[in-house]
Each structure stands twice: as C-alpha cells, then as structure tokens.
Amino acid sequence: DAGVTQSPTHLIKTRGQQVTLRCSPKSGHDTVSWYQQALGQGPQFIFQYYEEEERQRGNFPDRFSGHQFPNYSSELNVNALLLGDSALYLCASSPGPVLSSYNEQFFGPGTRLTVL
Amino acid sequence: AQSVTQLGSHVSVSEGALVLLRCNYSSSVPPYLFWYVQYPNQGLQLLLKYTTGATLVKGINGFEAEFKKSETSFHLTKPSAHMSDAAEYFCAVRGPNFGNEKLTFGTGTRLTIIP
C-alpha cells in the first residue's frame with residue numbers, strides 16, 4: 001500500500017501565476033481533504049472532497065479551488081498566487097461514511113510551494 | 001466552533017525523562033481528539049485518537065493521552081523520552097458527525113530531547 005501520495009514535492013512560482021497540486025489517496029479511501037501549513041504553524045483546513053463534490057470548506061478565498069476525479073484522486077488549484085500562499089500543502093485521505101464515526105485522516109508528505 | 005490550544009511552543013526534556021505535551025480544547029459538540037507527529041520535511045503521522053469510550057488512549061511509540069472532559073484537556077505523555085521522539089507534535093479536534101470531519105489543529109509543540 002503506497003499510502004497517500006502527492007506531486008510535485010517542491011514547486012516554485014511567481015506572484016500572479018497559477019498552480020495545480022495533485023493527490024492520490026490511500027487505497028480504499030474515497031474522501032480527500034486539503035490543508036495549508038505555513039511555516040511554524042499548524043495545518044489549516046482548506047476543503048474536503050467526497051463523491052467528486054466539495055463537501056466542506058475552510059476560510060480560504062475563491063482563488064483556492066479543487067477537484068476530485070472518479071478514481072478519488074484530487075487536485076488543488078490556486079490562482080493569482082500571493083507571497084502569503086507560500087506553504088506546505090498537505091493532502092489527507094479517509095474512508096467513507098460507513099466508517100465515519102471512527103475514521104482518521106492519513107496524510108501525504110506534502111507539496112512545498114514557494115511563491116517569489 | 002472548535003479549537004485547540006497547545007501550551008508551550010517548545011518543550012525540552014532529557015532522554016529517559018517524562019514527556020508531557022499539553023492540549024486544551026474547546027468544542028460545542030462531543031469532540032474527537034487527535035495527536036499527530038511531524039518529523040522534518042514530512043507529513044503528519046497519527047499517534048493516537050479519542051472518539052468515544054475509554055478516556056485513556058494508547059498510541060504508537062509508547063505515547064498515551066487522557067481525555068478529561070471536566071478540564072477540557074487531552075494531554076500527551078510518554079514515560080521515558082527517546083532521542084527519536086524529537087519532532088513537532090500537533091493536537092487536533094473535529095466534530096463527531098459525518099460531513100463535519102475537518103480537523104482543527106493547534107499551533108504545535110516542538111519537542112527537543114537532551115542527550
């Protein structure tokens with residue numbers, strides 16, 4: 001079992017550009033969540049996808065958008081990048097509602113985004 | 001709304017000494033509570049979780065935590081620190097219901113082990 005995988009591992013962009021980050025969930029998981037972890041901070045919830053729909057969203061602007069594919073993999077898109085978007089972006093997967101009472105989120109290694 | 005507060009952004013203990021990392025939560029619904037560990041340049045690994053039932057939960061690597069509703073606390077402990085325990089530790093809370101699974105994290109505690 002490969003666990004949660006994310007690509008790329010590192011990315012450098014300039015202000016105003018757009019970026020797409022990718023995540024493949026752990027085998028058997030159908031729910032994907034995205035978190036932003038700024039340097040020295042705890043992760044902040046961006047949004048969660050289930051059945052290809054955004055189910056829950058944190059306090060992030062519309063520049064942050066996502067998508068979930070039929071194979072449960074997911075993308076995080078950020079438009080009009082700002083310097084403050086520099087962070088580690090973490091993807092987490094979890095099993096679906098049958099086990100939701102006890103589910104836990106398994107995290108990937110993250111994508112380090114640097115905005116210059 | 002839910003939140004967690006981790007007391008002490010940095011904690012240093014000697015190898016072999018007790019590890020105590022503090023976490024207090026605020027939640028309007030019965031909370032599910034988690035402790036995660038993060039090693040440098042890595043993602044988060046779950047140490048342990050409390051959902052329902054026994055309030056003393058045991059996790060990996062010899063860690064345990066006790067849910068105390070009266071104190072709204074979920075402190076992490078380990079009887080004897082090991083050099084490999086040096087890492088960043090995050091406490092997190094979420095609601096119990098399907099569809100409300102976002103994790104709210106604390107700001108983290110960096111644990112340093114003194115040889």
Side-chain angles (χ1 to χ4, degrees), chain A residues 2-7 9-10 21 23-26 29-51 53-60 87-112, chain B residues 1-10 21-25 29-54 57 59-60 65 76 87-110:
Chain A
V4 180
T5 60
Q6 293 186 244
S7 63
T9 55
H10 295 84
L21 311 181
C23 171
S24 291
K26 184 179 170 66
H29 288 185
D30 58 9
T31 303
V32 174
S33 302
W34 287 92
Y35 293 82
Q36 180 196 65
Q37 186 179 17
L39 197 61
Q41 300 295 317
Q44 299 288 317
F45 176 78
I46 303 175
F47 43 54
Q48 183 182 76
Y49 277 83
Y50 172 68
E51 293 187 342
E53 297 283 334
E54 183 183 289
R55 184 167 72 178
Q56 203 175 6
R57 188 178 182 94
N59 189 25
F60 278 80
L88 180 67
Y89 288 85
L90 295 165
C91 171
S93 73
S94 52
V98 173
L99 298 176
S100 67
S101 295
Y102 297 99
N103 74 20
E104 60 190 63
Q105 295 183 20
F106 291 80
F107 284 80
T111 293
R112 175 75 62 186
Chain B
Q2 298 168 310
S3 65
V4 292
T5 301
Q6 292 184 240
L7 300 177
S9 58
H10 292 84
L21 305 183
R22 299 177 186 273
C23 173
N24 286 89
Y25 71 90
V29 296
Y32 284 5
L33 293 159
F34 304 80
W35 276 99
Y36 283 87
V37 61
Q38 185 175 38
Y39 298 99
N41 300 314
Q42 294 188 26
L44 302 174
Q45 180 183 11
L46 180 70
L47 282 176
L48 49 77
K49 64 181 178 182
Y50 168 79
T51 54
T52 59
V57 292
I60 62 172
L76 181 71
E88 188 91 21
Y89 291 80
F90 293 95
C91 181
V93 64
R94 57 154 277 198
N97 302 319
F98 170 65
N100 184 22
E101 290 137 17
K102 79 168 193 178
L103 289 170
T104 300
F105 287 86
T107 52
T109 297
R110 181 169 300 278

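Note that these values count all heavy atoms, side chains included, but never hydrogens, waters or copies made by symmetry. Quick note on labels: first sequence line is chain A, next is B, and so on, each numbered from 1. Remember, predicted model here, so these are calculated numbers, not experimental data.
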Could you tell me which portion of Gln38(B) (side chain, backbone, both or neither) has an atom closer than 4.5 angstrom to a non-hydrogen atom of chain A?
side chain

Can you tell me which portion of Gln37(A) sits under 4.5 Å from chain B's heavy atoms? Options are side chain, backbone, both or neither.
side chain

Look at atom CD of Gln6(A) and say whether more than 12 heavy atoms of other residues, nucleotides or ligands are closer to it than 6.0 Å.
yes

About how many Å separate NZ of Lys49(B) and CD of Glu104(A), when rounded to the nearest 0.5 Å?
4.0 Å

Step by step, work out the side-chain contact (heavy atoms from CB on, under 4.5 Å) result for Tyr35(A) and Leu44(B).
CA-CA 11 Å; Tyr35(A) 293 82; Leu44(B) 302 174; over 6 Å; no

Looking at Pro109(A), Gly110(A), Pro43(A), which one has more heavy-atom pairs under 4.5 Å with chain B than the rest?
Pro43(A)

Answer yes or no: is there a donor N or O on one side and an acceptor on the other, between the side chain of Tyr36(B) and the main chain of Phe107(A), under 3.5 Å?
no

About how many Å separate CD of Gln105(A) and CZ of Arg94(B), when rounded to the nearest 0.5 Å?
7.5 Å

Flag if over 12 foreign heavy atoms under 6.0 Å of CG, Leu39(A)
no

Using 0.5 Å steps for rounding, measure from the OG1 atom of Thr104(B) to the CZ atom of Phe45(A).
9.0 Å

